[in-house]
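Position 1 is the first residue of the sequence, and the numbers go up from there. Below, all heavy atoms of this structure are taken into account, side chains as well, without hydrogens, waters or symmetry copies.
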Amino acid sequence: AAMEGLSEHHRALVRLAAAAAAAGTVAWLIRCSQRRPLLLGAKTSQEEREKFRPVLAEVARKFFFVCMDIAGVAKTVRIRIEENKVDITDEKLREQLVRQCKVFERLGGI
C-alpha cells in the first residue's frame, strides 16, 4: 500500500534498497554475534568478519544483478502492456513475473 503511487522503476529501487538493508543487517548481526564456534575456521571474531566480508560482498553482487535483470524484464513487460492496453492488475502481473522469471528460484540459487 505504501508503494502504490510509485512507478515500477521506483518500486524496484525501493526493493533493491530493502535488499541492501537486509544484507547490511546480516553483516551487522554476524559482526555483533558472540557465538561459538566461529565460522570459516576463524580463530577470532575479527578474523571471522574479515573472512565473511568477501562472501557477503559476492552475495550482494549476485543479488543485485538478479534484481536488475528481473527489473529489466518487468519494465519491458509493463511497457508492452501499456502499448497494447492489456487489462491486468498489478498483483496479477507481479504473480506472473514471479512465476515466469523464477524469482524465488534465482534468488534461492545465490
Side-chain angles (χ1 to χ4, degrees):
M3 296 197 313
E4 285 181 15
L6 299 177
S7 69
E8 190 60 36
H9 174 74
H10 287 110
R11 288 179 188 179
L13 289 176
V14 169
R15 289 184 192 110
L16 186 58
T25 301
V26 169
W28 179 79
L29 289 171
I30 290 170
R31 181 173 179 253
C32 293
S33 175
Q34 295 299 317
R35 69 197 175 314
R36 297 288 181 249
L38 296 170
L39 301 174
L40 298 176
K43 293 180 176 58
T44 66
S45 60
Q46 176 65 31
E47 183 182 357
E48 182 182 48
R49 283 191 297 274
E50 290 171 5
K51 288 184 174 196
F52 264 113
R53 279 191 185 111
V55 173
L56 290 172
E58 181 64 12
V59 168
R61 186 187 71 76
K62 288 180 179 181
F63 191 87
F64 173 80
F65 284 113
V66 168
C67 291
M68 290 300 292
D69 183 46
I70 293 168
V73 170
K75 182 178 180 180
T76 301
V77 169
R78 188 166 291 283
I79 289 170
R80 288 189 182 142
I81 285 172
E82 289 173 7
E83 286 174 350
N84 295 319
K85 297 181 182 8
V86 175
D87 185 29
I88 187 169
T89 65
D90 281 345
E91 187 61 33
K92 283 286 187 193
L93 176 59
R94 191 173 299 116
E95 289 172 10
Q96 287 183 6
L97 286 170
V98 165
R99 188 174 55 254
Q100 291 174 1
C101 292
K102 298 182 180 177
V103 173
F104 297 114
E105 292 86 348
R106 291 176 69 187
L107 292 175
I110 294 174

By side chain to side chain contact (heavy atoms under 4.5 Å, CB included) - contacts of Asp87 (at least two apart):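 With neighbours one apart ignored, the set is empty.
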OG1 on Thr89 to CZ on Arg94, rounded to 0.5 Å: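 Here the rounded value is 8.5 Å.
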Distance (rounded to the nearest 0.5 Å) between Asn84 CG and Ile79 CD1: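 Nearest 0.5 Å value for the CG-CD1 distance: 12.0 Å.
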Any link between [X] and [Y] through a network of hydrophobic side chains (Ile, Leu, Val, Met, Phe, Trp, Tyr) touching at under 4.5 Å?
X: Leu97; Y: Val103; value: no
X: Trp28; Y: Val59; value: no
X: Ile70; Y: Phe104; value: yes
X: Leu107; Y: Phe65; value: no
X: Ile110; Y: Leu16; value: no

Salt bridge (Lys or Arg N to Asp or Glu O under 4.0 Å) partners of Glu47, counting only residues at least two apart: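 With neighbours one apart ignored, the set is Lys51.
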Salt bridge flag under 4.0 Å for residues Arg80 and Glu83: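 No, Arg80 and Glu83 are not salt-bridged.
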Sequence neighbours excluded, every pair satisfying salt bridge (Lys or Arg N to Asp or Glu O under 4.0 Å) that has a member inside residues 96-107: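 For residues 96-107, and leaving out neighbouring residues, the salt bridge (Lys or Arg N to Asp or Glu O under 4.0 Å) pairs sorted by first residue read Asp69-Arg106.
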Test item: Arg78 and Asp90 side chains (from C-beta on) under 4.5 Å apart, heavy atoms: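 Result yes, sub-4.5 Å side-chain heavy-atom pair found.
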Ile88 vs Gln96, side chain to side chain contact (heavy atoms under 4.5 Å, CB included): CA-CA, chis, key distance, verdict: CA-CA 10 Å; Ile88 187 169; Gln96 287 183 6; 3.9 Å; yes
